[in-house]
Amino acid sequence: MQEPGGKKLSDYKQEINRRRTFAIISHPDAGKTTLTEKFLLYGGAINLAGSVKGKATARHAVSDWMEIEKERGISVTSSVLQFEYGGFCINILDTPGHQDFSEDTYRTLMAADSAVMVIDASKGVEAQTRKLFKVCVMRKIPIFTFINKLDRDANDTFELLDEIEKELGIATCPVNWPIGSGKRFKGVYDRERKCILTYSDTEKGTKEGETTQIPAEDSDKLTEAIGQEAADTLREEIELLDGASAEFDLDLVRSGDLTPVFFGSALTNFGVEFFLQHFLKMTTTPLPRKADTGFIVPDEHDFSAFIFKIQANMNKAHRDRIAFMRICSGKYEASMEVKHVQGGKVMRLSQPQQIMASERKILDEAYAGDIIGVFDPGIFSIGDTLCMPKEQFSYEGIPTFAPEHFARVRQVDTMKRKQFVKGITQIAQEGAIQIFQEFNTGMEEIIVGVVGVLQFDVLKYRLENEYNVEIRLENLPYEHIRWIENKEIDLNRLVGTSDMKKIKDLKGNPLLLFVNAWSVGMTLDRNEGLKLSEFGRD
């Protein structure tokens, strides 16, 4: 049996089976972008890793591309990076760590088969990690933990593990163990091979460096490498650990009930390759996905994909819009025709490309597990399904999160009305903001809703830099939004509260904004049969 394009089916399945697609999640500043960059270093995708902050060298992390990210040293949008390592083809989804961009992260997790959770060894589990972790639990995806920044003074290792178990409700199994922290950080102990790994010549983390292995039973060599005090402490901790920690069970890891824990320092490259090698052994090939016709198995089904992200103006010179899709099954070939299910059209995808941060390469083919970007002329929405022309099914939708902050937006120069409407509409279609209009008015009054206030800054910045439009933002006191589910309701006759505002979304659906949470209940009481929802419906 052959697959389209003449390759034997076994080759085709082999290509899919060597794919690994994962998202990296963390609290801001836990070192996620640094870790991503070091993976690329080991995969040979970059020759020299630059300092992420980049102040002294003016080099920025490969995965941060928007100017505002470089200025603030944060990731605002999810980057997609692909590289080869050890016979595997790896797709990394780097997500924003800042809580104001958590919506983008939620969507990205929908496109991943597993997640790598990066935790700062001196801070432990932080607020954002909890929130993101809940999404992983909801999706039941495997979680791998990398406890980072051992090159700085860290919290007690047992306490860190305890905190992960208590705060996140998942069992932990350390795969390696740190030897000291801060200036006393000597390396890691490999529990499986019962040996010490020490690192040198990484040139402050810019090069891969050398790894030295010392068997744990060779007391003299061990003492010589890490000192008597560190050797004694390590023996005590390993004894404790062997008696107390959960046994490693790959089935529990893959069901999302046990997280393997790794220790290291992404900045100095300590433990990064060790993590990468073990992670690739433990993680899965692309997984089946749920559609309205049942589960779609990656290597038993023709091409299908869903769109999880839309990004405008990634290349300023071209004013383009890219729709990112996760290929869920089969093989994609550049000239093939596909069906856009929601639009009901058969089409050829334009400019299919793989993106390495701001670098791009046009693709001839891609397989299940890969993430590709295609040119979007304005027809795609987040959550849309693509499949072969003769098929008809849809993948599960991606929820729209209710905004928590609202502002009225006006352009300063009234002559730039067209650019303003185009810019704000395109940014809204990416899903970073939601836009609404006053009830009974047109686009002259626009209300923007966001999940996190920092998104207002990004909106302002992008309108000025990408669309040459200056705006004024007037914060509004509303904190609660509800979609009206009743189709036949007359908004003019709706009896509300004094702090309620009637608005509509871009599709003309009626919504209500409230300052106080109790006003929602009062409005329901005053209007018999009224149904309100916290989530938007497409």
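Residues forming a side-chain contact (heavy atoms from CB on, under 4.5 Å) with K416 (at least two apart in sequence, or on another chain): D413, Q419, N468, V469. Under the side-chain contact (heavy atoms from CB on, under 4.5 Å) criterion, N527 pairs with L494, V495, T523, L530, sequence neighbours left out. E479 meets the side-chain contact (heavy atoms from CB on, under 4.5 Å) test with no other residue; sequence neighbours excluded. Considering only residues two or more places apart in sequence or on other chains, H480 meets the ring pair (Phe, Tyr, Trp, His ring centres under 6.0 Å) condition with none of them. Partners of R254 by side-chain contact (heavy atoms from CB on, under 4.5 Å), not counting sequence neighbours, listed by chain and number: L250, T284.
Nearest heavy-atom pair across V515 and P477 is CG1-O, 3.8 Å.
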- Message: What verdict does the ring pair (Phe, Tyr, Trp, His ring centres under 6.0 Å) test give for F279 and F146, after you've listed the backbone C-alpha separation in whole Å, the side-chain angles of each residue and the deciding distance to 0.1 Å?
- Response: CA-CA 10 Å; F279 168 77; F146 186 80; over 10 Å; no

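A salt bridge is defined here as a Lys NZ or Arg NE, NH1 or NH2 lying under 4.0 Å from an Asp or Glu carboxylate O, and D113 with R20 fails to meet this definition. Using a 4.0 Å cut-off between charged side-chain N and carboxylate O, E84 and R18 make a salt bridge. A salt bridge is defined here as a Lys NZ or Arg NE, NH1 or NH2 lying under 4.0 Å from an Asp or Glu carboxylate O, and K331 with D299 fails to meet this definition. Using a 4.0 Å cut-off between a side-chain N of Lys or Arg and a carboxylate O of Asp or Glu, E485 and K531 do not qualify as a salt bridge.
Side chains of I471 and V412 form no contact here, defined as non-hydrogen atoms less than 4.5 Å apart.
A donor-acceptor pair shorter than 3.5 Å can be found between the side chains of E365 and Y367.
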Validation: residues 380-390 side-chain donor-acceptor distances under 3.5 Å, sequence neighbours left out:
from : atom 1 : to   : atom 2 : distance (Å)
D384 : OD2    : H340 : NE2    : 2.8
D384 : OD2    : S381 : N      : 2.9
T385 : OG1    : Y395 : N      : 2.8

